[in-house]
Amino acid sequence: MSKSTSVAILGVFVADTAYRAERQPQMGETILGSSFVLGPGGKGSNQSVAAGRLGADITFITKLGFDDFADMAFKTWKEAGVKTAVTQTKDSYTGAAYIFIDDNTGDNAIIVCPGAASTISPADIDAVEHVIANAAVFITQLEQPLDAAIRALEIARANKVATILNPAPAAPLPDEVFGLCDYMTPNETETTDITGVPVETLDQARAASDVLLKKGVGTAIITLGEQGVLVHNKDMSEHVPAFNAGPVVETTGAGDAFNGAFATALAEGMNPIDAARFGCATAGISVTRPGTAPSMPSRDEVLALLAKS
Ligand code: RIB
């Protein structure tokens, strides 16, 4: 039997409602914004769209309501070539996110309400065990319940599927989780939340990575925004620089671009350094465009950027 090259992703779809303004309002204050856009989002869905546009054989596992946002989700996945292991419930709504984007920097602040996806249970995961068990790489985040994420990681581990936890948004993690992660991909603030180590420099990222390794993570992949990524395990510690693909328009979803591309590259057999480079190039292009899922580049665009550098 030939080895699987497919990717399975568990996570959340939400409709992103993105507001651009000079600053965030204070409590009790109303300010005028400069623009509004409604589009597809949710970390797991964004990562799936990134993987799909890069040509991965990707299946996304989630739960939706029956509403207009669910229709948006199915349309988004169809256009990106994402296969689905999706259930729908009448008992809840398809989620949404409030995204504030700073007009000056493109930086963001987010509130996400996962709706139906916040009811994903370990039993829901057992029902799609075959999707995870037959993948080369499994990745999840922390927007759906943690017990569902743990069950999925356990299934992946039991079936020798490479596991990635993107611990976003940061949440307290039980000890058992770390040993289930071949790769953990926090950003600077998530790394600090999990390890207690402040992360601004590469040396600090290395110190925090050592904490993750001691807890049981195989390889720590710390995403450092414009500083790129640190790939750190017991045998190596390599800095992969970020790519400059043009002026930054919006950084929302850059982490998802990285994670979707990193998972795709690992599933294709790349080593973690090359996979991180592929991820950085994908993220580098995504930040030059507005939106989250809509900003994900095609494989040709990523290969062209990699060839130039
Ligand atoms: O990572 C960006 C995503 O986080 C947004 O699309 C938003 O929906 C939140 O889930």
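In each ligand, atom 1 is the first atom listed, and ligand 1 is the first ligand listed.
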Any salt bridge between D124 and R151, counting N to O under 4.0 Å?
no

Distance under 4.0 Å to a non-hydrogen atom of V14: what atoms of ligand 1 satisfy this?
8 (O)

When you check the gap from the basic side-chain N to the acidic O, do R23 and D102 get nearer than 4.0 Å?
no

Non-hydrogen atom of G255 closer than 4.0 Å to ligand 1:
no

Under a 4.0 Å heavy-atom limit, does N46 contact ligand 1 with its side chain, its backbone, both, or neither?
side chain

Could you tell me, atom by atom, which parts of ligand 1 come under 4.0 Å of a heavy atom of A97?
7 (C), 8 (O)

Charged N to carboxylate O below 4.0 Å: is that the case for K43 and D256?
no

Does D68 CG have over 12 foreign heavy atoms under 6.0 Å away?
no

Polar contact flag for G42 and ligand 1 (N/O pairs, less than 3.5 Å):
yes

Got the closest protein heavy atom to atom 4 (O) of ligand 1, with its distance?
K43 NZ, 3.1 Å

Nearest heavy atom to atom 1 (O) of ligand 1, choosing from I110, D256, N166, belongs to D256

Suppose we measure from atom 10 (O) of ligand 1 to each protein heavy atom; which comes out shortest, and what is that distance?
E143 OE2, 2.5 Å

Looking at CD1 of I99 and CG of N108, how far apart are the two atoms once the value is rounded to the nearest 0.5 Å?
6.5 Å

Once rounded to the nearest 0.5 Å, what's the spacing between atom CD1 of I221 and atom OG1 of T191?
11.0 Å

Quick one: are F138 and L153 in side-chain contact, heavy atoms under 4.5 Å?
yes

In this structure, atom 6 (O) of ligand 1 is nearest to the protein heavy atom D16 OD2, 2.6 Å

